[in-house]
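To keep things clear, I will list the structure first and then write my remarks on it.
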Amino acid sequence: MQPNGFQIKTIQFKKLDFERVEELREEIDLDCDSAISAVAKKNAENEYVIQLNVNLSFKQGDMEIFYIRLVMIGTVEVGNAFKESLLNNAVLIMQFYLQPIVEQMITIAKLPPLDLPFIDFGEFEVKIES
């Protein structure tokens with residue numbers, strides 16, 4: 001591993017909630033509001049544990065149709081010159097593991113295929129706990 005690199009060792013889903021609140025209305029666009037946060041804690045000399053919290057609310061107008069709430073835990077091994085600001089990149093990779101799970105939940109619920117939002121890293125920052 002490069003001195004400033006990282007490797008995701010494990011990923012676990014700790015919580016996975018889906019609830020359909022209303023019926024989907026045809027020919028009305030479906031919007032997604034998202035609240036995504038991540039907290040990292042140094043677990044060992046070269047290891048962090050990251051908790052990714054995702055709340056997705058799918059709406060038509062002001063009416064919530066369904067929501068998904070997830071908590072994902074990842075263990076990240078880092079090089080000895082790793083900068084904590086790069087933990088955002090680890091979260092981006094974790095999101096790619098999340099995407100197929102959310103898509104499968106939508107398929108099982110017999111909802112149409114949807115485009116899911118991605119984290120806007122312009123405003124996103126992993127909170128680091130000591």
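In this chain, numbering begins with 1 at the start of the sequence shown. Worth knowing before you read on, the calculation uses all heavy atoms, side chains too, and leaves out hydrogens, waters and symmetry mates.
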Next item on the list: Calculate, to the nearest 0.5 Å, the distance between atoms OG and NZ belonging to S130 and K41 respectively.
Entry: 8.0 Å
Could you give the side-chain donor-acceptor pairs of residues 73-86 under 3.5 Å, partners two or more places apart or in another chain?
{"residue": "T75", "atom": "OG1", "partner": "T10", "partner atom": "OG1", "Å": "2.9"}
{"residue": "E84", "atom": "OE2", "partner": "Y48", "partner atom": "OH", "Å": "2.7"}

Item checked: salt bridge (charged side-chain N to carboxylate O under 4.0 Å, His left out) contacts touching residues 48-57 (sequence neighbours left out) -> none
Next item on the list: Would you list the pairs meeting salt bridge (charged side-chain N to carboxylate O under 4.0 Å, His left out) in which at least one residue belongs to residues 89-100, sequence neighbours left out?
Entry: none
Margin query: Would you compute the distance between atom OG of S34 and atom CG of L56 and round it to the nearest 0.5 angstrom?
Written below: 6.0 Å
Notebook entry, point to check: Does a side-chain heavy-atom distance below 4.5 Å link I68 with V54?
Noted result: no
Margin query: Once side-chain hydrogen bond (donor to acceptor under 3.5 Å, both in side chains) is applied, do any residues pair with Q12, and if so which ones, sequence neighbours excluded?
Written below: none
Next item on the list: List in chain and number order the residues that pass side-chain contact (heavy atoms from CB on, under 4.5 Å) with D17, two or more places apart in sequence or in another chain; answer none if no residue qualifies.
Entry: K15, R69
Note to self: Which heavy atom of E64 sits nearest to which heavy atom of S57, and what is that distance?
What the structure shows: OE2-OG, 2.6 Å
Margin query: Taking side-chain contact (heavy atoms from CB on, under 4.5 Å) as the definition, give me every residue that meets it alongside Q60, ordered by chain and number, with sequence neighbours left out.
Written below: L24, R25, I28, L30, I65
Margin query: Test of understanding: clusters of I, L, V, M, F, W, Y form through side-chain heavy atoms closer than 4.5 Å, transitively. Do V39 and F6 belong to the same one?
Written below: no
Checklist line | Residues in salt bridge (Lys or Arg N to Asp or Glu O under 4.0 Å) contact with E129, at least two apart in sequence or another chain | finding: none
Notebook entry, point to check: Are the side chain of N88 and the backbone of V126 linked by a donor-acceptor contact shorter than 3.5 Å?
Noted result: yes
Check: If you measure only the distance, is there a donor-acceptor pair under 3.5 Å linking the side chains of Q99 and E103?
Finding: yes
Next item on the list: State which residue, out of L70, L16, I36, fulfils the side chain to side chain contact (heavy atoms under 4.5 Å, CB included) condition with L98.
Entry: L70
Note to self: Other members of the hydrophobic cluster containing Y67, with the 4.5 Å side-chain heavy-atom rule, please.
What the structure shows: V21
Margin query: Under the rule for ring pair (Phe, Tyr, Trp, His ring centres under 6.0 Å), what residues qualify as partners of F18, not counting sequence neighbours?
Written below: F66
Check: What pairs with N53 under side-chain contact (heavy atoms from CB on, under 4.5 Å), at least two apart in sequence or on another chain?
Finding: S37, Q51, V71
Next item on the list: Tell me, please, which residues at least two apart from K9 pass side-chain hydrogen bond (donor to acceptor under 3.5 Å, both in side chains).
Entry: E47
Check: Do V91 and I93 sit in the same hydrophobic cluster, where Ile, Leu, Val, Met, Phe, Trp and Tyr count as joined when their side-chain heavy atoms come under 4.5 Å apart?
Finding: yes
Checklist line | By side-chain contact (heavy atoms from CB on, under 4.5 Å) - contacts of I11 (at least two apart) | finding: I8, M72, M94, Y97
